[in-house]
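Presented below is the structure to which this report refers.
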Amino acid sequence: MRVRFAPSPTGHLHIGGVRTALFNWLYARHNNGAFVLRIEDTDKDRSTDEYIEAIIEGMKWLGLDWDEGPFRQTERFDIYNKYIDKLLEEGKAYYCYCSPEELEAGRKEAMKQGRALKYSGKCRDLDAVQVEATHDKKPVVRFRMPSEGQTVVNDLIKGEVVFDNAQLDDLIIMRSDKTPTYNLVVVVDDADMNITHVIRGDDHLNNTPKQMQLYAAIGYEVPKFAHLPMILGPDRKRLSKRHGAMSVDAYKDMGYLPDALINYLARLGWAYGDQEIFPRQELTEKFSIENVGTSAAVFNPEKLLWLNAQYIINTPAGELAELVMPFLIKEKIVDKDQLPDKTWLSKAIATLKERSKTLIELTNSLRYYIAEDVEYNEKAKARFLNHKSLPLLVELKDSLGTVSDFSAPELEQVFKAVIDKHDIKLGKLAQPVRVALTGGTESPGIFEVLEVVGKERTLKRLEKAIQTINKARS
RNA sequence: GGUCCCAUCGUCUAGUGGUCCAGGACGUCGGCCUCUCACGCCGAAAACACGGGUUCGAGUCCCGUUGGGAUCACCA
């Protein structure tokens, strides 16, 4: 079997498009079929090379690899023209000389009268004399749709959907500038590329009977169709730019992992019992069209965030070190020419994994591990760096100065000695130290923090905290 | 407005006529763990849109109502 993803490069790759691409990809991988990438760029006014590049980059980042393409429809015009000529010759299509203004007026009138917004059929059967009278106009080509009977779509997801042919419009297959339109090229390409299963959003369901008539006119076998339910925004309207950052790039920049996004999108409209987390391998193994739901789904950012956190927890620290590097550089936490030691960075990340929901959060926490110095959060400083903690900090610093094995278990002993002596709880000591080391009141376990920061910088930061307190008192 | 699609907790969903006083997950609330924050664990509130059928029996099948969505371009 062969499937395809056919985006039009009129915008960035967005969440809805990714979901369509994903289901095609999963179907292909599950069935050992071919996944074709085709760029539908026949709208010259709105398509750009930048968007084509963005779509390709997005697909690569997501790991949705394709077997053929990317094909561009603008490079295949001669093929489409051949079919347009053939349809004209056989009388299955005709030239239409109506002006856009005229058509618009007809539509308004139809809307007013409560009829379907259909072409009047004015140019359907012009005779030679009438055509002669319009010689100075640039015509479009319309497809002659049957006006009687029914067209039945046997959809893999929606089931049997019946359309009265009288409802179908004589659609334009060639513009007045002689370029072909979507409804023709999609049919010609899917046929020419031997696509066996057309999996796409259900916003295309109404187009399907028209396209089936085109298949019949051209003489091709129709593929199987599967129309995926839409993804909606929180307002239950079709997902769009109005709903904020919805491009794949945006999620990449916000520190989401591709696998988390893939997992989330797969579960939107598809389920496998009670399972929530699907490693990619399992996804391709378990995916099936039969388990795709029929109703539209609201996009839920909170659940995606939770999934991303799960994926970060389950990703080895060494891999996260690679993934977080671009963020560290972008935030100027590290210098591109002076990268931190991989082993050390992995150790730092290991302490932070389970409290970072995104790579951005991880990046920000890493700041206090990597930087030479920390800045205090004002509230934290006021609460914990004061006369009460001063003697404790001084004593701890002195004790730590003599420790040779600066490891968490050893450090715990040092802390224990101090709190035992003063008969206080660990928190009384740990929080001031935490502020001194990280600048804030939230961090991994304090012994781990000390170990990662290392003896030299730990002592330096404790000294700075002590001086800060003394300065405030004088 | 015409046509088409859809309808289980706030959200994603399980459920394919009896095992459902409806299960899981996110979120919310409460608790445990605890050096903070998380993670983790335990618990709670929370749904079969409505009305008719069919059937011994309906969340599950049929019809209608209501509600939502999509589409009707010389866009794709």
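Reminder, nothing fancy here: chain letters follow the sequence lines and each chain counts from 1. Keep in mind that this is a model prediction, so the values were computed, not measured. Every heavy atom of this structure was used, including side-chain atoms; hydrogens, water molecules and symmetry mates were not.
Evaluation of atom-type donor-acceptor distances gives a pair under 3.5 Å for the side chain of A:Arg434 against the base of B:C35. For A:Arg355 against B:C39, a side-chain-to-base donor-acceptor contact under 3.5 Å is absent. A donor and an acceptor atom sit less than 3.5 Å apart, one in the side chain of A:Ser176 and one in the base of B:C74.
Between A:Thr181 and B:A76, a side-chain N or O to OP1/OP2 separation shorter than 4.0 Å is absent. OP1 or OP2 of B:A70 has not a single side-chain nitrogen or oxygen of A:Arg200 nearer than 4.0 Å. Distances shorter than 4.0 Å separate none of the side-chain N or O atoms of A:Thr179 from OP1 or OP2 on B:C74.
Atoms CG and OG, from A:Leu411 and A:Ser399 in turn, are 11.0 Å apart once rounded to the nearest 0.5 Å.
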Checklist entry - Can you check side chain to side chain contact (heavy atoms under 4.5 Å, CB included) on A:His422 and A:Leu429, steps first, answer last? => result CA-CA 10 Å; A:His422 292 265; A:Leu429 175 60; over 6 Å; no
Checklist entry - Do A:Asn207 and A:Tyr182 pass the side chain to side chain contact (heavy atoms under 4.5 Å, CB included) test, and can you show the C-alpha distance, the side-chain angles, and the key distance before you say yes or no? => result CA-CA 11 Å; A:Asn207 277 329; A:Tyr182 167 74; 4.2 Å; yes
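When Watson-Crick and G-U wobble pairs are counted only if both distances are under 3.5 Å, B:U16 pairs with no nucleotide at all. In this entry B:A76 has no Watson-Crick or G-U wobble partner, no candidate having both defining distances under 3.5 Å. Base pairing of B:G67 is made with B:C6, judged by Watson-Crick or G-U wobble geometry with both donor-acceptor distances under 3.5 Å. Across all strands shown, B:A44 forms a Watson-Crick or G-U wobble pair with B:U28, both key distances being under 3.5 Å. Pairing partner, B:A22: none, since no Watson-Crick or wobble contact has both distances short of 3.5 Å.
A:Gln73 pairs in a side-chain hydrogen bond (donor to acceptor under 3.5 Å, both in side chains) with only one of the listed residues (A:Asp189, A:Thr179, A:Asp41), which is A:Asp189.
Note: CZ (A:Arg46) to C1' (B:A73) measures 10 Å, nearest angstrom.
Between the side chain of A:Asn24 and the main chain of A:Arg200, no donor-acceptor pair closer than 3.5 Å is present.
For the P atoms, the distance from B:U19 to B:U11 is 26 Å, rounded to whole Å. When the P atom is compared between B:U13 and B:A7, the two are found 11 Å apart, to the nearest whole Å. Rounded to whole Å, the P atom of B:G69 lies 48 Å from the corresponding atom of B:C33. B:G59 sits 13 Å from B:C20 when the P atoms are compared, rounded to a whole Å. Look at the P atom in both B:C12 and B:A70: the space between them is 15 Å, to the nearest Å.
When heavy atoms are screened at a 4.0 angstrom cut-off, A:His227 is found touching no nucleic acid atom at all.
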